[in-house]
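The structure appears below as C-alpha cells.
Naming: A, B, ... by sequence-line order, numbering from 1 per chain.
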Amino acid sequence: MAYINFININKYFGENQVLNNINLEIEQGQLVTLLGPSGCGKSTLLRCLAGLESITDGKIFMDGVDITTADPKERNIGMVFQQYSLFPNMNVTENIAFGLKMKHMSKTEIAKKVAEAIEMVDLTGKEKAYPSKLSGGQQQRVALARAIVTKPKVLLLDEPLSAIDAKLRKSLQTSIRKIQKELGITSIFVTHDQDEAMVMSDVIHLFHDGRLEQSDTPINIYTNPRTKFAAEFIGHYNVITAEQFQKIIPGAQNTSENIAIRPEAMEMSLIPFRERDNFHQFEGKIVSHLSHGNVLRYHVEVNGIILEADVLFRSYYLYDNGQKVYITVENRNCLMVS
Amino acid sequence: MFKSKRYLLAILPFLLLVIGYELVPILMIVIRSFQPQGHFGFTLEHYQAIFQKRLYQQAVINSIIIAVISSVIGIIIAFFGAKAANDSNSKWRNFFINILNMTSNFAGIPLAFAFIILLGNMGVLVLVGKAVGITSLENFNVYSYKGLLLTYIYFQIPLATLLLIPIFDGLRKEWKEAVLLLGGNSFIYWTKVAIPAILPSILATISVLFSNAIAAYSTAYALLANNYSLLPIRISEQFVGDLVQRKEFGSALAVVLMLTMIISTMINNYFIKRSRGGASL
Amino acid sequence: MKKSGLSKVVIVVICSYLTIPLLLTFIYSIFTEWKDILPSGLTFKYYKEILSDSYFINSVIRTLMISAIPFVTCTAVVLLALYVIEVYHPEWDKYMQMLCNIPYALQGIILAVSVLSLYVSAPYPFSNRFVMIVLTYCIVILPYIYRGLKNSLDSINANRLIEAAQMLGATKFYAFFAVVVPNIISGISIVAMLSISIVFGDFAIVNIVGGSYYQTAQMYLYKKLFVSGQASSVIIVVMFGLTLILSAVVNLLNKRWKKSREE
C-alpha cells in the first residue's frame with residue numbers, strides 16, 4: 001500500500017460537490033503537486049488530509065492507519081499556509097518552537113532543534129525578530145521551519161508562494177525542494193501555477209472541477225495530456241476539433257476526438273520540407289507574432305484556422321505578417337485528447 | 001471530529017447575560033404595558049391615557065421636538081466641523097478629535113451644572129447681560145425648554161462630529177478636481193457631488209442623534225424638576241420616587257419611547273433609500 | 001491658503017464652545033464667590049474639603065468598581081462566546097451581532113426601568129442592587145466590546161492562526177486563548193476606555209436601578225448639586241480629571257505593550 005491513500009473521497013459544501021470520487025496514492029519521500037485552477041478542489045483535498053475539513057464519504061489512510069476522523073493534532077502533519085499564519089505576538093524562535101512546546105519537550109532540546117531549523121532555512125540572525133518586521137520571503141521560511149521542526153510524517157504546502165514576487169519565488173522553490181530531499185519528508189504541494197508544478201514535483205495530480213483529471217510525472221503530463229482541459233492547462237497547446245484537423249490535413253485518419261499540438265512541435269520554414277513518414281506537412285500564412293523573450297510565438301492561419309507556433313529565438317530572423325510558410329509536425333505530436 | 005459538544009458551555013454565559021438582562025426585561029416591559037395595574041389581564045387603558053391626557057401628550061411631543069431640533073442643529077454644526085477637520089493638517093485634526101473625545105464625556109449632570117453657572121439666575125452670562133443691558137440674556141431662564149435645548153445641542157455636537165469625520169474622509173479629492181476641470185466650482189461640487197454622496201451617512205447619523213436625545217435622562221433630570229414635561233422623566237417617575245408606583249403605566253410609556261425611536265429609524269431609512277440611487281459612501 | 005484658515009477658525013470656534021462650560025466649572029471650583037461678572041476669593045479649600053470627605057472617596061471607589069467589574073465580566077463573556085463562534089460555528093455570528101446591537105436602542109432609561117421592574121422583587125442575589133447595576137452595565141457596554149473584539153479578531157485573521165496552531169499540536173481552546181487573545185489585547189484597551197467613560201458618566205442607570213441603595217460619585221454629585229455650587233464643581237472637576245488620567249494610563253500601557261513587540 002502506498003504511504004498515503006485517498007479512497008473514494010467525496011465532499012460536499014452544502015449542495016455543492018467539491019470533490020468527486022477522488023482516488024489518489026502518494027509514495028513515501030515524494031514531493032507531489034496538486035495542480036489546477038481556482039475552485040477545482042485541490043486545496044480542499046489538502047485540508048481534508050490535514051483534518052481541517054471533514055469528508056462526506058471515503059477514507060484516508062496514512063502509513064497504514066485510517067486517519068479519516070482523526071483530529072489535526074493527532075495526525076502528525078506539518079502545514080505551511082498561503083498567508084504564512086505566523087503568530088504575530090511571538091518572535092521567530094517562539095514561532096518555530098511552538099510545535100515542540102506542544103510536545104512538552106525539554107527547553108534544551110527545543111533550543112537545539114530550533115537552532116538547527118533556523119540554520120536550515122537560512123535565517124540565522126533573525127531569531128528574535130517579530131513577523132511584522134520580516135519580508136514575505138523570510139516569513140515563509142519561518143513558516144516552513146515551524147512546520148518541519150517537529151519532524152512530521154507529511155508536509156503540506158497550500159499555495160505557499162502565491163503571495164511572493166516572481167524572482168524570489170524561484171529561489172524559494174529551489175530551497176523547498178532541497179530541504180524536502182534532504183529530510184526525505186513526504187510532501188504535498190498545492191498550486192495553480194503549472195510552471196511551478198513542473199519545476200518542483202516528482203508527480204503532478206491535475207484537478208478539474210472536483211475530479212482528478214490526470215496523474216503523471218511532469219514530463220509525461222506535459223507531453224501526453226489526455227484531455228482537452230489538461231492540454232490547455234499544462235502547456236500552451238493548440239487544441240482543435242476533428243473537423244478542423246481534417247481541414248488542415250486533408251485525408252488524415254478519421255477521428256472524432258479533439259487534437260492537441262504543442263506550439264514548439266511545429267517546425268516552420270519558407271520552403272517546403274521534404275516528405276517524411278510519420279510527419280504531417282501543410283501550408284499556412286503568418287498573421288501576427290509576439291515576443292516572449294527567448295521564444296517567438298507566431299499566429300499562423302491554416303485554411304481559416306489559427307494555430308500558435310513557437311520558435312526559439314536563435315537567429316535574428318522574423319517572419320513578416322502575410323508571409324507564406326510551410327509547417328511540419330510529427331504524427332505522434334498530434335495527440336488525441338477527449 | 002467534534003466528539004464532545006462541551007465547548008458549547010463557553011457560549012452559555014453570554015446567552016444567560018443577554019437573555020436575562022436584555023431580552024427578557026424588554027419582553028416584560030412590553031407585556032406589562034398591556035396589563036392593568038396590579039393584576040393580570042389585557043388592557044389598552046395605559047396607551048389610551050398616554051394619548052388622551054394632556055400631561056403625557058405634552059411629554060411625548062416635547063421629547064420629539066427637542067430631539068429633532070437638537071439633532072438638526074447638531075448635525076449642521078457637525079457638518080462644518082467635520083469639513084474643517086477634513087481640510088486641516090493632522091496636527092489640528094488630532095487636536096480637534098481629542099477635544100471632541102474629551103467633551104463627549106461631559107454630559108448629564110455636570111453639563112447641566114455648567115450651564116447653570118453660565119445661564120442660571122446668577123449665571124455669568126446673565127450678569128454680563130445685566131451689566132451691558134441685553135435683556136434676552138438678563139432674563140434667560142435656563143430651567144426652561146430653551147435652556148434644555150442648549151444643553152442638548154451641546155452634547156450632540158461631539159457625537160455628531162466624531163461620527164461625520166470618517167464619512168468626510170471618504171470624499172476623494174479627485175472628485176473635486178474632476179468637477180473643477182469640467183468647469184464647475186466649489187459650490188457645484190458640494191451641492192451636486194459631495195453632499196449627495198454622503199447624504200445617506202448624514203441621515204444615518206441623524207438617526208443616532210435622535211435616539212441619543214430622546215432617551216436622554218440625566219441632563220433633563222438635573223435641570224428641570226417639574227417645569228417641563230419630558231418622556232424619560234415621566235417614565236422614571238412611575239418606577240422610583242415619591243409618587244405611587246405604576247409599573248404597568250410606566251412600561252407603556254417606555255414602549256411609546258421605544259416606538260418613537262423605531263419610527264424615526266424607519267422614516268430615516270426611507271429617506272436614506274431615496275437618496276441612495278446609485279453609488280454612495 | 002484661505003481654505004485652511006477658515007477651517008482653523010471653525011475648529012477654534014467649536015472647541016471654544018465645547019470647552020467653555022468645562023473651564024467655567026473649574027473656575028467656579030476655585031473661587032469662593034461669583035456674584036459679579038468676575039469671581040473673587042481664590043482658594044483651594046473646597047478641594048481639600050471634598051477630597052477628605054470619606055463619603056466622596058467611597059463613592060468614587062464604588063464608581064470605579066461598577067466601571068471595572070462590568071468591563072472585565074463583559075469582555076470575558078464575549079471572548080468565550082466568540083471562541084465558540086469563531087472556531088466552531090461561524091454561521092451563528094449574525095445572531096450574535098444582532099443581540100449585541102440591540103442595546104444601542106435600549107438607551108439608559110429604558111434598560112434601567114426594564115431591569116429594575118423585573119428583578120427588584122426577584123430572589124437574592126438578583127435583587128441585590130449592586131448585582132443589578134453591574135449586569136445592566138454589562139449590557140450597556142456590550143455593543144462596544146463586541147465590536148472592538150470582533151474587529152480585532154478579523155484584522156488578525158484569527159481562523160488561520162487557529163488552524164496553524166492546531167497543525168502544530170494545540171487544542172482549539174489553547175489556540176484561541178493562548179495565541180489569538182494575546183493579539184487582540186490592544187483592541188481590548190481601546191474598548192476599555194470607551195466602556196469606563198460611559199459608565200463614569202452615566203446617571204440614569206445608577207439612579208434608577210441603584211437608587212439610594214448604592215451611592216456612586218454621580219449620585220453624590222446630584223446630592224451636592226442643591227447644597228453647594230462649589231462642592232459640585234469640585235466633584236465634577238475631580239471626576240473629569242479621573243477620566244482623563246485613566247485614559248492616559250491605558251494609552252501609556254498600550255504604547256508600552258506595542259513597543260515591547262517591536263524589538
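When the shell of 6.0 Å around OH of Tyr95(C) is examined, it contains 12 or fewer heavy atoms from other residues, nucleotides or ligands. Around atom CZ of Phe126(C), no more than 12 heavy atoms belonging to other residues, nucleotides or ligands sit under 6.0 Å away. More than 12 heavy atoms of other residues, nucleotides or ligands shown are found within 6.0 angstrom of CD on Glu127(A).
Paired with Asn89(A) under the rule side-chain contact (heavy atoms from CB on, under 4.5 Å), one option of Ile184(C), Val181(C), Asn183(C) passes, and it is Asn183(C). Paired with Phe87(A) under the rule side-chain contact (heavy atoms from CB on, under 4.5 Å), one option of Val179(C), Val180(C), Ile156(C) passes, and it is Val179(C).
Considering only heavy atoms from C-beta on, Ser85(A) stays 4.5 Å or farther from Asn157(C) through its side chain.
To the nearest 0.5 Å, the span separating CD on Gln166(C) from CD1 on Ile77(A) amounts to 12.5 Å. Here CG of Asn159(C) is found 10.5 Å from CG of Leu52(A). Values are rounded to the nearest 0.5 Å.
When heavy atoms are compared at a cutoff of 4.5 Å, Ala178(C) approaches chain A solely by way of its backbone atoms N, CA, C and O. Arg47(A) touches chain C through its side chain: at least one heavy atom from C-beta onward sits under 4.5 Å away, while N, CA, C and O do not. For chain C, no part of Lys103(A) is nearby; none of its heavy atoms comes within less than 4.5 Å. Residue contact with chain C, scored on non-hydrogen atoms closer than 4.5 Å, involves the backbone of Leu86(A) exclusively.
Comparing Met79(A), Gln83(A), Lys73(A) by heavy-atom pairs within less than 4.5 Å of chain C, the highest count is held by Lys73(A).
When all heavy atoms of Ala164(C) and Arg146(A) are compared, the pair lying nearest together is CB-NH2, 3.5 Å.
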